[in-house]
Amino acid sequence: MPELPEVETVACALAPALTGRTIFKVKLFSPALRSPLDPLKKTLPGRKIVNIRRRARYIIAGLDNGNALVIHLGMTGVIRIEKPEIPRRKHEHIFLYLDDGLVFRFEDVRRFGSLEVHPVCRNGLPEMFGSFGPEPLSAAFTAEYLFGHSRGVRSAVKSFLMDNAVVAGIGNIYAAETLFAAGIDPRRETETLTRDQCRKIVKHARRILRAAIRAGGTTVSDFKQVDGSEGKFTVFLQVYGKKGKPCPVCGFPLELARIGGRSSVFCPKCQK
DNA sequence: CTAACTCCCTGATAGC
DNA sequence: TGCTATCAGGGAGTTA
């Protein structure tokens, strides 16, 4: 499933393929994903894509009229830039025809993805991103920031790290991996974190996210890069999806807990 | 205000 | 073999 490194990988691949392109036709094969697709038939034709950015797990294609196409890959979203002659795959929901003869094609088996057009603010981003916390790889994501926001929060630290309003774009995989590396139990009450533990979380989150971006993301079942290849970070995962396997540090069997409705694998010996 | 829950969707897998 | 139940999960929405 795509998280920050996967979305970053896709956005970087899309930038050269889409920047400067004009969308001249929109073809729908489904009425809606998470939200209706029909409005795109009115808002996209004739628009030129001026830039491609990423914020949290969203891809933002800036348009030449002060709007932006905001794309979320959901759980199973795959974007391809291909020739129109290639037959439509079963779960391809929308084609955007480009002025260079290629087609932006969006496939999404579970339909948790979304494509919406929104006006942008002065910072070039739609208003919805105003409530988001800092990017984890930005200078604003510091131990002091995390510690400050953790005071008075009684929910589990894993849910805290996965909250876009706290820090943008960390999902289930990287929250689990970060907390394992930091030696912190994912069920731990957020307000009990020390400054030093916040420092460890920030350090390891940044290290792991950077490594995952270098590897082209993590492929767990569905994720594909724009060129169709799989992410190579999968082999570096320490705990995600490894319930019952020995802890890579101490050998004790990894355990599974459900936190905020999400499965969370951790080592009960190494994470306190 | 926070926190906990529910729902959306389909395919893979387990169990009978 | 074929059925049903369960699980995966981001984010929006609802409830307490």
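So you know, we letter chains A, B, ... as the sequences are listed, proteins then strands, and number each from 1. The model shown is predicted, which means the values in this text are computed figures rather than measured ones.
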Could you state the CD-P distance from A/Glu191 to B/dT2, rounded to the nearest angstrom?
13 Å
Could you tell me whether A/Asn164 contacts a base, only the sugar-phosphate backbone, or nothing, with contacts defined as non-hydrogen atoms closer than 4.0 Å?
sugar-phosphate
Counting only side-chain nitrogens and oxygens, does A/Tyr174 get under 4.0 Å of the OP1 or OP2 atom of C/dG10?
no
Find the distance A/Lys158:NZ to B/dA3:P and express it as a whole number of Å.
16 Å
Quickly, which of A/Lys48, A/Arg21, A/Arg47 forms a salt bridge (Lys or Arg N to Asp or Glu O under 4.0 Å) with A/Asp64? Name it, please.
A/Arg47
Would you indicate what A/Ser263 reaches in the nucleic acid, counting non-hydrogen atoms under 4.0 angstrom: base, sugar-phosphate, or nothing?
sugar-phosphate
Under 4.0 Å between any heavy atoms, over every strand shown, what does A/Tyr58 touch: base, sugar-phosphate, or nothing? Just pick one.
sugar-phosphate
Looking at A/Leu63, A/Asn67, A/Asn65, which one forms a side chain to side chain contact (heavy atoms under 4.5 Å, CB included) with A/Pro119?
A/Asn67
Counting only distance, no hydrogens or angles, is the base of C/dG10 paired donor-acceptor with the side chain of A/Arg111 under 3.5 Å?
no
Any A/Arg258 side-chain nitrogen or oxygen under 4.0 Å from OP1 or OP2 of C/dA8
yes
Less than 3.5 Å between a donor and an acceptor, one on the side chain of A/Arg154 and one on the base of B/dA3, is that the case here?
no
Between A/Lys90 and B/dT10, does any side-chain N or O lie under 4.0 Å from OP1 or OP2?
no
Taking 4.0 Å as the cut-off, does a side-chain nitrogen or oxygen of A/Arg262 come that near to OP1 or OP2 on C/dC7?
no
Rounded distance (Å) that lies between atom P of B/dA4 and atom CD1 of A/Ile259:
11 Å
Ignoring backbone atoms, test whether A/His72 places a side-chain nitrogen or oxygen under 4.0 Å from the OP1 or OP2 oxygen of C/dG11.
yes
Taking the six-membered ring for Trp, are A/Phe95 and A/Phe29 ring centroids under 6.0 Å apart?
yes
Does the structure show A/Phe112 stacking with C/dG11, if we require the centres to be closer than 5.5 Å and the planes to be within less than 30 degrees of parallel?
no
Heavy atoms of other groups near A/Arg154 CZ, more than 12 under 6.0 Å:
no
Which residue lies toward the 5' end of DNA chain B, A/Gly261 or A/Val153, if each is placed at its nearest nucleotide?
A/Val153
Step by step, work out the side chain to side chain contact (heavy atoms under 4.5 Å, CB included) result for A/Ile71 and A/Phe106.
CA-CA 10 Å; A/Ile71 302 166; A/Phe106 191 88; 3.9 Å; yes
